Amino acid sequence: MSDNPDREPERGQRTAAEGAQGAEQGQAPERKTQAEHSQGEQRPQTEQRSLNEQREQRLRNLEALVERGFEAHPYAYAPTHTAARLHELHPAPEPGDRLGDERVVVAGRVLLLRMLGKLTFATLQDGSGGRIQASFQKDKLEAYNALKKVDLGDWLEVGGTLYATKTGELTVDADAFRPLVKSLRPLPDKHHGLTEKEARYRQRYLDLMVNPEVKRAFELRGKATSYIRRYLDGLGFLEVETPVLQAVPGGAEARPFVTHHNALDYDFHLRISLELYLKRLIVGGFDAVYEIGRNFRNEGISYKHNPEYTMLELYWAGKDYLDILALVETLYSGLVQELLGTTKLTYQGTVLDFTPPWPRVDYTGELAKRAGFDFDPLDEERLRAWTAEKHPGAAAGELPLAQRPLNQLFDKLYDIYVEPNLVGPVFVMDHPEAISPLAKRHRSRPGLVERFEPVAVGMELGNAFSELNDPLDQRERFERQQALRDAGDDEAQMLDEDFLTALEYGMPPTGGLGLGIDRLAMLLADVPSIRDVILFPLLRPQ
RNA sequence: GGGUCGUUAGCUCAACCGGUAGAGCAGCUGACUCUUAAUCAGUAGGUUGUAGGUUCGAGUCCUACACGACCCA
């Protein structure tokens, strides 16, 4: 790096010219695209006049920097320290201190620029999430005047020695600087930032740039999946990848997306679950497999639902659902401890204690208690009579609740009376067989299966079974699902003949788990919506 | 699918009962060697989401549409 770079100025010049030209060319197709989307109105030019003026000014500034000998688009940069690291090294410098002779190089986006005549301060933000101040003195820098051509949002590389200002702020006393890239568009308001949610989702890069807590949420999410991989790998699990495009989308009750493969001329579905393929792998002889993958459900969007979301699914031969339950407790509490330094986290003002063991409640027992039944929920006749009395209404085009299939009846009552009221973390245990077509019958409780769901703050965090491995029973369950489909329930599961064939070769006793990664991330980051932990949530195109 | 609210300058927001659409930041010009959202002086920037309607006059009222937020099913 050089104050007045002499390396290949000719090349730099040419590169800069290309860069500027390229940027101008970049405008034309964008205008066209906007014109297309505004359906032939001639709005864009007038509407964006102010923006275009600023962009043109920035292009002129770029040209001016190139004329001074700076490269418009350098190919690499190599800071000696991140901003965060410098603050670690010098946590509380004394005002006015010189902090050694070591020359440091920092690089980052210029968020603030304060020009005081012959002295300029800039605040740079880099990928560490930290910010570092640099100061530039006219009498030390030949290229000082070029700072006038630096705009907010540009990236800058700055070399120099460290000191603390009068007020004690750690600052790089620049002996050289170099623009790394120009921002052609103005940053959001430096004080208020970007607040409109739509803009934050559509232009997440801006959200990340100016809202540090957003970046933190995604860092936590990344660390969480990393922890899960380390934990499972340590137990001897193998991470695998199974098909997203599936002929028969199985493993869950959900409407799938449909897509078409041209060469095979077949309509495939995007997967709604990882389950049935992972179980085939247990049949194939893997003892312990997991996948962290995207599911796609063609359903509504809410604070806890996005049409594409991420699941961890694991299958562990030899284990039953209680073994899996212990794994969930250990994994969750260890993860929360590692990332937040405690097993008690605060989610939207509610303290959740993930220290094992978590309380357990019985699915049917809790339903009876919270809904106020004086009978066993498995007594279908009384359940329907009670429902007919308490929930007589029906939405347009739908049957009254009491007349719907038993699985829908249970799901609905659970959604009304139980789930929203569970603060947790808590395990809901032993679901009715009618709502669990892939889980093994309970070894001692007729009508129930060996299944649990971890629940917190009214959200299902996961789902686990002793996996059904009796192929004849599985076929019957599928056939009952098929009957529901035939009766108009398009969320009922499809019969997967190939999966049944696999089961007929014998799947050893196996415990399985699905864990929602997005909801885990919501809890860790303490954010109210799933969209706050999905970088680019699904939006209608503009 | 229903309800409520919202959409005004690049960003964040104003605009009373329907009467010439404003401010801060960003931009531009200038001043300034310890600033911290720097400050100071000046300056430019608008088809008020789209299309209709009512009215002498619409950002404001009405209708439809688009996009979004929140709540409900």
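No experiment lies behind these values; they were computed from the predicted model shown. In what follows, chains carry the letters A, B, and so on, assigned in the order in which the sequence lines appear, proteins first and then strands, with residues in each chain numbered from 1.
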### Message
Using side-chain heavy atoms (C-beta onward) and a distance below 4.5 Å, is A/Asn306 in contact with A/Leu538?
### Response
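A side-chain contact under 4.5 Å exists here.
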### Query
Got A/His87 and A/Ile132 here, is their nearest side-chain heavy-atom distance under 4.5 Å?
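Yes, close enough: below the 4.5 Å cut-off.
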### Task
Determine the contact category for A/Leu194: base if any of its heavy atoms lies under 4.0 Å from a base atom, sugar-phosphate if only primed atoms, P, OP1 or OP2 are that close, otherwise nothing.
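Contact class for A/Leu194: sugar-phosphate only.
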### Message
Any base atoms under 4.0 Å from A/Lys197, or only sugar-phosphate, or nothing? Heavy atoms, all strands.
### Response
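Sugar-phosphate, backbone atoms only, no base.
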Counting side-chain heavy atoms from CB outward, which of [options] is closest to [X]?
X        : options             : value
A/Arg114 : B/C67, B/A26, B/U35 : B/U35
A/Arg540 : B/U35, B/A37, B/C67 : B/C67
A/Thr165 : B/G27, B/C34, B/G68 : B/C34
A/Leu152 : B/A26, B/C67, B/C34 : B/A26
A/His192 : B/C70, B/C28, B/U12 : B/U12
A/Thr167 : B/U36, B/G27, B/C11 : B/U36

For the pair made of [atom1] in [X] and [atom2] in [N], what is the distance, rounded to whole Å?
X        : N     : atom1 : atom2 : result
A/Arg58  : B/G10 : CZ    : C1'   : 9 Å
A/Leu124 : B/U35 : CG    : C1'   : 14 Å
A/Glu196 : B/U12 : CD    : P     : 6 Å
A/Arg202 : B/A66 : CZ    : P     : 14 Å
A/Asp189 : B/A14 : CG    : P     : 14 Å
A/Arg185 : B/G27 : CZ    : C1'   : 15 Å

#### Entry: Distance below 4.0 Å between A/Lys190 side-chain N/O and B/A26 OP1 or OP2
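So the side-chain polar atoms of A/Lys190 do come within 4.0 Å of the phosphate oxygens OP1 or OP2 of B/A26, strictly under.
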### Query
At under 4.0 Å, does any side-chain N or O of A/Gln57 touch on OP1 or OP2 of B/G27?
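It does not, given that no N or O in the side chain of A/Gln57 lies less than 4.0 Å from OP1 or OP2 of B/G27.
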### Task
For atom CD of A/Glu213, decide whether the heavy atoms of other residues, nucleotides or ligands shown that lie under 6.0 angstrom number more than 12.
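Yes, the 6.0 Å shell around CD holds more than 12 heavy atoms from other groups.
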### Message
Can you tell me which residue among A/Trp155, A/Tyr77, A/Phe70, A/Tyr144 is in a ring pair (Phe, Tyr, Trp, His ring centres under 6.0 Å) with A/Phe177?
### Response
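Exactly one option meets the ring pair (Phe, Tyr, Trp, His ring centres under 6.0 Å) with A/Phe177, and it is A/Phe70.
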### Query
Is the closest side-chain donor-acceptor distance between A/Gln482 and A/Asp486 under 3.5 Å?
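Short answer, yes.
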#### Entry: A/Leu112 side, atom CG; A/Thr123 side, atom OG1 - distance, nearest 0.5 Å
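So the CG of A/Leu112 and the OG1 of A/Thr123 are separated by 4.5 Å.
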### Message
My validator wants the stems of RNA chain B: runs of 3 or more consecutive Watson-Crick or G-U pairs, both distances under 3.5 Å, written as range with range.
### Response
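Detected stem regions: B:1-7 with B:66-72, B:10-13 with B:22-25, B:27-31 with B:39-43, B:49-53 with B:61-65.
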### Query
Using the purine O4'-C1'-N9-C4 or pyrimidine O4'-C1'-N1-C2 torsion, is B/C32 syn (within 90° of 0) or anti?
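Base orientation: anti.
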### Message
Both A/Lys412 and A/Gly193 contact RNA chain B. Taking the nearest nucleotide for each, which residue is further toward the 5' end?
### Response
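This one resolves to A/Gly193.
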